[in-house]
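For reference, the structure is listed below as structure tokens.
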Number of protein chains: 2
Amino acid sequence: MPVERPRRRIPEATVARLPVYLRILIEQANEEVESISSDGLAELAGVNAAKVRKDLSYLGSYGTRGVGYEVAFLVYQIRRELGLTHDWPVVIVGAGNLGQALAGYGGFGQRGFPVAGVVDIDPSKVGSVIAGVRVRHIDDLDQIVQTRHVNIGVVATPPSAAQDAADRLTRAGVTSILNFAPVVLAVPNGINVRKVDLAVELQILSYYEQRRMGVGLQAIGSSDSGRGASA
Amino acid sequence: MPVERPRRRIPEATVARLPVYLRILIEQANEEVESISSDGLAELAGVNAAKVRKDLSYLGSYGTRGVGYEVAFLVYQIRRELGLTHDWPVVIVGAGNLGQALAGYGGFGQRGFPVAGVVDIDPSKVGSVIAGVRVRHIDDLDQIVQTRHVNIGVVATPPSAAQDAADRLTRAGVTSILNFAPVVLAVPNGINVRKVDLAVELQILSYYEQRRMGVGLQAIGSSDSGRGASA
DNA sequence: AGGCATTCGTGCACGCGTTCACAAAGTCCG
DNA sequence: CGGACTTTGTGAACGCGTGCACGAATGCCT
Ligand SMILES: NC(=O)c1ccc[n+]([C@@H]2O[C@H](COP(=O)([O-])OP(=O)(O)OC[C@H]3O[C@@H](n4cnc5c(N)ncnc54)[C@H](O)[C@@H]3O)[C@@H](O)[C@H]2O)c1
Ligand SMILES: NC(=O)c1ccc[n+]([C@@H]2O[C@H](COP(=O)([O-])OP(=O)(O)OC[C@H]3O[C@@H](n4cnc5c(N)ncnc54)[C@H](O)[C@@H]3O)[C@@H](O)[C@H]2O)c1
């Protein structure tokens with residue numbers, strides 16, 4: 001907390017890569033690696049070294065020329081820039097197939113996103129316990145969001161109910177939504193939505209598969225998994 | 001009308017949007033809508049109308065000026081361009097929490113991606129049945145891939161086993177991989193990998209949440225809200 | 001201390017994707 | 001049948017992200 005925050009805008013593409021760097025750096029730290037070069041990090045992240053340097057330069061000039069970056073310090077800086085210095089409790093709407101898998105997945109809590117609650121509209125689901133979290137009725141959403149200071153909501157309802165879920169979330173005060181339903185959500189200005197649509201991912205793969213066959217066995221673009229363009 | 005395929009390269013950003021258009025158009029067709037304008041489609045997809053027109057123009061000139069696009073015909077064309085005229089069986093590696101949710105999810109089969117098999121390395125998982133699919137041992141992977149002509153593999157193993165899973169998939173002949181493990185996979189040239197990393201998505205949301213607070217309540221998200229402020 | 005090897009930070013050019021703007025092409029209606 | 005209106009298709013400008021190339025800074029070795 002001593003240093004002034006740079007506060008400049010970071011390109012979205014960079015923001016999307018910082019979590020990847022962070023994960024790798026934490027792994028390296030666990031393996032007692034103290035320092036890493038942009039080349040080394042680039043290799044592990046599967047990106048260009050210049051890109052790594054440019055990305056990290058948005059955080060400030062935290063590298064040492066001729067040496068590289070101090071892993072522990074970089075972890076701290078990225079954490080800070082991403083707002084991971086404290087936990088972000090999330091609430092999951094929809095305790096079905098997927099909602100249960102998410103709630104039962106320990107990886108979120110570990111990474112600073114504890115499940116503050118799981119809600120469902122189906123009375124037969126309410127009351128059951130998933131991984132230590134009791135499923136509550138969706139009418140309790142406001143209370144959960146307010147008492148637990150939840151900013152992030154996860155939509156795991158059927159497509160037909162996704163807009164309703166999003167409406168309830170924003171009305172309760174949630175300002176970021178991660179949407180798993182294959183639906184384009186309409187939300188008020190200022191609300192940040194990211195979607196995870198597995199069918200879309202598969203269809204993108206299908207496009208390149210089909211193209212591979214039609215055009216006749218030629219290498220596809222780099223084995224890069226571009227993403228972003230969330231809108 | 002020559003049915004000859006244009007075969008020009010479609011920008012990746014467009015390829016990523018075509019599935020969204022497709023889903024919306026299918027919905028519209030189900031509601032007996034016969035024709036749609038770029039404006040209408042743009043609204044439903046949450047994008048710019050010019051973008052819709054440019055995206056669709058990569059398929060060919062299939063619109064009618066003054067009217068719009070014929071929904072059914074557009075559905076057919078997008079399906080064709082994405083390679084969705086036939087099914088793409090997928091094999092899931094890892095029958096844990098997530099793998100089971102995926103296998104049990106009917107949405108994939110509906111959209112042309114039937115689950116050709118689920119494999120796991122844990123003998124206690126092998127033999128159990130998920131949504132009508134019996135979990136088989138990972139040693140059967142080659143056989144499944146070959147007999148069912150699988151091109152797409154899904155990695156749903158723990159992070160530590162993800163690279164091994166990817167190696168086995170590529171060795172078996174799979175050329176596209178959808179990876180759920182928070183790991184950067186190394187694959188041979190020509191293999192297409194897409195990743196779905198929920199922790200990354202949450203951390204991206206965290207960044208904007210934190211920024212929202214630090215800078216003091218101003219709109220973020222789709223609109224620019226330019227905050228120059230460098231140095 | 002000086003020279004050498006290494007690696008960062010970044011200016012710059014390039015390419016891709018987005019958006020605007022408008023002519024072309026078609027419909028609709030009186 | 002002609003003119004007004006609608007909507008497509010696309011050229012062009014713009015902005016952003018990527019990757020190269022290189023100066024600057026630092027450590028290490030002799
Ligand atoms: N399961 C998967 O692997 C998978 C994969 C890709 C996408 N998805 C998508 O994720 C979403 C959830 O999938 P699922 O398999 O868990 O479905 P599901 O039907 O198993 O679960 C949906 C849950 O949402 C609840 N619900 C319905 N309306 C609600 C409302 N208005 N408010 C709160 N809760 C409500 C239902 O009671 C149910 O418990 C779907 O949109 C699906 O398309 C799932
Ligand atoms: N569950 C979720 O909601 C969720 C969310 C985000 C990310 N993930 C990621 O998805 C992956 C799977 O998560 P999960 O919760 O299903 O884990 P899990 O531990 O429940 O299941 C993993 C399965 O993979 C099997 N496995 C292990 N090594 C294998 C190998 N070499 N070959 C084949 N199978 C092997 C295990 O036997 C187990 O059945 C993890 O990487 C996790 O980080 C899961």
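Between B/Arg17 and C/dT18 there is a side-chain N or O to OP1 or OP2 distance below 4.0 Å. Side-chain N/O atoms of A/Ser38 include one lying less than 4.0 angstrom from OP1 or OP2 on C/dC8. Using a 4.0 Å cut-off, no side-chain N or O of B/Asn48 falls inside it from OP1 or OP2 of C/dG17.
If you take CD1 of B/Ile36 and P of D/dT6, they are 18 Å apart, rounded to a whole angstrom. Atoms CD1 (B/Ile10) and C1' (C/dT18) sit 17 Å apart, rounded to a whole Å. What separates CG of B/Asp39 from P of D/dT6 is a distance of 12 Å, to the nearest Å. The distance between atom CZ of B/Arg53 and atom P of C/dA23, rounded to the nearest whole Å, is 15 Å. If you measure from atom OH of A/Tyr69 to atom P of D/dG27, you get 15 Å, rounded to the nearest angstrom. Atom CD of B/Glu12 is separated from atom C1' of C/dT18 by 16 Å (rounded to the nearest Å). Taking atom CD of B/Glu70 as the reference point, atom P of C/dG26 lies 16 Å away to the nearest angstrom. If you measure from atom CZ of A/Arg9 to atom P of D/dG15, you get 13 Å, rounded to the nearest angstrom.
The base of C/dT7 does not come close enough to the side chain of A/Arg65 for any donor and acceptor atom to sit less than 3.5 Å apart.
Counting heavy atoms of neighbouring residues, nucleotides and ligands inside a 6.0 Å radius, atom CD of B/Glu27 exceeds 12 of them.
Among the nucleotides D/dT18, D/dG17, C/dG9, the one closest to the side chain of A/Pro11 is D/dG17. The side chain of B/Lys54 has D/dG11 as its nearest neighbour among D/dC22, C/dA21, D/dG11. Checking D/dG9, C/dG9, D/dG17 against the side-chain heavy atoms of B/Ser61 singles out D/dG9 as nearest.
Each of B/Tyr76, B/Tyr69, B/Phe73 was compared with B/Tyr62 under the ring-ring contact (aromatic ring centres under 6.0 Å, His included) criterion, and only B/Phe73 meets it. For the side chain to side chain contact (heavy atoms under 4.5 Å, CB included) test with A/Arg168, the passing option among A/Leu141, A/Val174, A/Val145, A/Val155 is A/Leu141; the others fail.
Across the interface with DNA chain D, nearest-nucleotide mapping of A/Thr64 and A/Ala50 shows A/Ala50 to be the residue nearer the 5′ end. Each of B/Ser37 and A/Val67 was assigned the nucleotide of DNA chain D with the nearest heavy atom; the assignment lying further toward the 5' end belongs to B/Ser37.
Remark: A/Tyr207 OH to A/Arg212 CZ distance equals 12.5 Å, nearest 0.5 Å.
Two residues are said to be in side-chain contact when any heavy atoms from C-beta on lie closer than 4.5 Å; A/Val15 and B/Gln203 fail this criterion.
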